[in-house]
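Data block below; observations after.
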There are 2 protein chains.
Amino acid sequence: MKLTNKGRYAVMAMADLASNSNERPISLSEISIRQNISLAYLEQIFIKLKINNLVKSSRGANGGYTLFKPATEIKISNIINAVDEEVKTLNCKKHSKRGCNNKAVKCITHNLWDQLDQHINGFFEKVKLQDLTKQNQK
Amino acid sequence: MKLTNKGRYAVMAMADLASNSNERPISLSEISIRQNISLAYLEQIFIKLKINNLVKSSRGANGGYTLFKPATEIKISNIINAVDEEVKTLNCKKHSKRGCNNKAVKCITHNLWDQLDQHINGFFEKVKLQDLTKQNQK
DNA sequence: TTAATCCCTACTAAAAAGGTAGGATTTCTC
DNA sequence: GAGAAATCCTACCTTTTTAGTAGGGATTAA
Ligand code: FES
Ligand code: FES
C-alpha cells in the first residue's frame, strides 16, 4: 500500500483550496507558501487533479485554480486516486484467479489484505473534502 | 504509511506456522517452499519475529521455529510491528506540538491521517493469527 | 508590453524495497 | 566423531520509487 507525501500534499492543497476560495481562483504560489510545498511539485500534482476533473484552471495573471465541484461532493478517495496513490494492499491481481507468488490459488493472507483494502477505501469514500475545511476544523 | 512484501511475508509465514505446526518445530526451508519466499529473506524476517517474542527457535538438525504463544493470542498488529512495518500515516511526529513542514501548528489534514491511522491499526488489533489458519479459511 | 500564472517535459539525488552472498554456530543422527 | 540440517549474523547489492529540481513555453489580465 502506498501513502506518501504526494497524496498528502494533494489532499492538503485541495483542503487549502476549499478553505480559502471565495470565487476567485487561487494561485499555486499562494498554496505553496501557505502549505510550504514546492511550487514546481505542486504544479505536477495539479495537472493530475485537473485531468481527473477535481479542479479547473484559469491561466494568465490573476489566474489559478478553483474546485471543479463543491467540496461536499469531493471524496478523499477521488483525490488520492487522482494522484496515483491508490490504496493497494493486495500483492496479487485482485481480479485474477492466481495468487501472489504465481501460485494457482490465493494465498493464506489474501482475504486479510482484501478486507483491509475495503476498510481503508471505505474510510476514504466516507470523508468529503468539506470535512477538512477550516470551518469544520475544531 | 508502509505496507510491503516484508510485512506480508511475515504474516504469511506466521500463518503457515500456525497452520502446519503440531508441536514439532517448522524449518524455514519448509515455509520457503510452501509460501515461495526466499529462504535468506525469511531468515531476516524471523530474527525480528524472534526478538519480539512471537516465535521461538530451536537450532540444529530438526530445528526450526514454533509459535511463542497460541495463535489466538497473536494479533496481526504484533506481527506487522515486529518487522518494522508500522502503519504510519502521519507526516509529523504524533506527540509533538509542531506540524509537518516544520510549522508551529498541525496542518489542515492532520486529523484525517490521524483518524486513518486509528482506523487501520484498529483493524490490525482486532484480527488474530488464529483467524488466518487453514481451519478458519472458508 | 510586462508580469503573473498555468503548462509541459526531462532530469536527478536520495531513500527504500527486496533481496543475495557467505560464512559461523549449534545440534541431531549415524 | 563426522556430517548434515538447521538457525544466526553481517555485509553488500540491484532495482524501483519518491520527492523533488530545472528550464523553458503558452496564455492572459492589467
Ligand atoms: S495477496 Fe492475493 S494471493 Fe496473496
Ligand atoms: S500530518 Fe500532522 S501536521 Fe501535517
Side-chain angles (χ1 to χ4, degrees), chain A residues 1-13 17 21 23-33 35-52 54-68 80 83-89 91 100-102, chain B residues 1-13 17 21 24-33 35-52 54-66 68 80 83-89 91 100-102:
Chain A
M1 134 155 216
K2 291 192 306 178
L3 185 53
T4 60
N5 271 350
K6 182 151 62 171
R8 260 191 295 259
Y9 285 169
V11 177
M12 275 171 92
L17 217 51
S21 86
E23 305 311 308
R24 76 180 173 98
I26 307 286
S27 72
L28 291 190
S29 49
E30 271 186 71
I31 299 180
S32 168
I33 291 166
Q35 306 299 335
N36 203 27
I37 304 172
S38 124
L39 176 59
Y41 202 31
L42 268 181
E43 287 179 342
Q44 293 176 47
I45 290 169
F46 270 77
I47 285 172
K48 299 193 173 186
L49 294 175
K50 190 187 173 186
I51 291 171
N52 285 272
L54 296 175
V55 295
K56 59 192 166 198
S57 63
S58 47
R59 306 181 69 172
N62 293 329
Y65 288 93
T66 45
L67 292 182
F68 192 81
I80 300 284
V83 295
D84 294 327
E85 293 245 327
E86 326 160 56
V87 173
K88 186 175 165 303
T89 57
N91 195 23
C100 54
N101 297 334
N102 283 322
Chain B
M1 133 154 215
K2 290 192 307 177
L3 184 51
T4 61
N5 272 348
K6 183 150 61 170
R8 261 191 294 259
Y9 285 168
V11 177
M12 276 171 93
L17 217 51
S21 87
R24 77 181 171 96
I26 308 286
S27 73
L28 293 189
S29 48
E30 272 185 71
I31 299 180
S32 167
I33 291 166
Q35 306 300 334
N36 204 27
I37 305 171
S38 124
L39 176 59
Y41 202 30
L42 268 181
E43 288 179 342
Q44 292 177 48
I45 290 170
F46 270 78
I47 285 172
K48 299 193 173 185
L49 294 175
K50 190 188 171 184
I51 291 170
N52 286 271
L54 296 176
V55 296
K56 58 192 166 200
S57 65
S58 48
R59 305 182 68 173
N62 294 327
Y65 289 93
T66 45
F68 193 81
I80 300 284
V83 295
D84 294 328
E85 293 247 326
E86 327 158 55
V87 173
K88 187 173 164 307
T89 56
N91 195 23
C100 53
N101 297 334
N102 284 321

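Convention: sequence-line order gives letters A, B, ...; per-chain numbering from 1.
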Any idea which heavy atoms bring B:Ser29 and B:Leu39 closest together, and the distance?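 Smallest heavy-atom distance, with atoms named: N-CD1, 3.8 Å.
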
Taking the side chain as every heavy atom from C-beta outward, state whether B:Arg24 and B:Ile26 have any pair of such atoms under 4.5 Å apart.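 Yes, at least one pair of side-chain atoms sits under 4.5 Å.
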
[X] [atom1] to [N] [atom2]: how many Å, rounded?
X       : N      : atom1 : atom2 : value
B:Phe46 : D:dT10 : CZ    : P     : 19 Å
B:Lys48 : D:dT7  : NZ    : P     : 18 Å
B:Ile26 : D:dT7  : CD1   : P     : 11 Å
B:Ile47 : C:dG19 : CD1   : C1'   : 14 Å
A:Leu3  : D:dA19 : CG    : C1'   : 15 Å
B:Ile45 : C:dA17 : CD1   : P     : 13 Å
A:Gln35 : D:dA19 : CD    : P     : 17 Å

Where the side chain of B:Thr4 is defined as all heavy atoms beyond and including C-beta, which of D:dT18, C:dC6, C:dG18 is the nearest nucleotide?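 Closest nucleotide to the B:Thr4 side chain: C:dG18.
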
Close residues, residues 36-44 of chain A, relative to DNA chain D [heavy-atom separation under 4.0 Å]: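 Within residues 36-44 of chain A, the residues near DNA chain D are A:Ser38, A:Ala40, A:Tyr41, A:Gln44.
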
Within residues 56-66 of chain A: residues closer than 4.0 Å to DNA chain D (heavy atoms):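 Residues of residues 56-66 of chain A that come under 4.0 Å of DNA chain D are, in numerical order, A:Arg59, A:Gly60, A:Ala61, A:Asn62.
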
Interatomic spacing from OH in B:Tyr9 to CD1 in B:Ile31 - rounded to 0.5 Å: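 Spacing of OH (B:Tyr9) from CD1 (B:Ile31) equals 13.5 Å.
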
Nearest-0.5 Å distance that lies between atom CZ in A:Arg8 and atom CD1 in A:Ile45: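 Answer rounded to 0.5 Å: 11.5 Å.
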
Measure up the A:Tyr65 and A:Phe46 rings against each other and bin them: parallel (under 30°), tilted (30 to 60°), perpendicular (over 60°).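 A:Tyr65 vs A:Phe46 ring planes: tilted.
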
Indicate whether OP1 or OP2 belonging to [N] is found under 4.0 Å from a side-chain N or O atom of [X].
X       : N      : result
A:Asn5  : D:dT18 : no
A:Lys50 : C:dC6  : no
A:Tyr9  : D:dA19 : no
A:Lys6  : D:dT17 : no

Do A:Thr66 and A:Ser21 pass the side chain to side chain contact (heavy atoms under 4.5 Å, CB included) test, and can you show the C-alpha distance, the side-chain angles, and the key distance before you say yes or no? CA-CA 7 Å; A:Thr66 45; A:Ser21 86; 5.5 Å; no

Any residue meeting side-chain contact (heavy atoms from CB on, under 4.5 Å) with B:Lys48, in chain and number order, not counting sequence neighbours: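 B:Lys48: side-chain contact (heavy atoms from CB on, under 4.5 Å) contacts with B:Lys6, B:Val83, B:Asp84.
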
Please report the C-alpha distance between A:Ile37 and A:Asn5 in whole Å, then the side-chain angles of each, then the deciding distance to 0.1 Å, and finally whether the side chain to side chain contact (heavy atoms under 4.5 Å, CB included) criterion is met. CA-CA 10 Å; A:Ile37 304 172; A:Asn5 271 350; over 6 Å; no

Before you tell me yes or no, could you show the steps for A:Glu30 and A:Leu28 under side chain to side chain contact (heavy atoms under 4.5 Å, CB included), namely the whole-Å CA-CA distance, both residues' side-chain angles and the distance that decides it to 0.1 Å? CA-CA 5 Å; A:Glu30 271 186 71; A:Leu28 291 190; over 6 Å; no

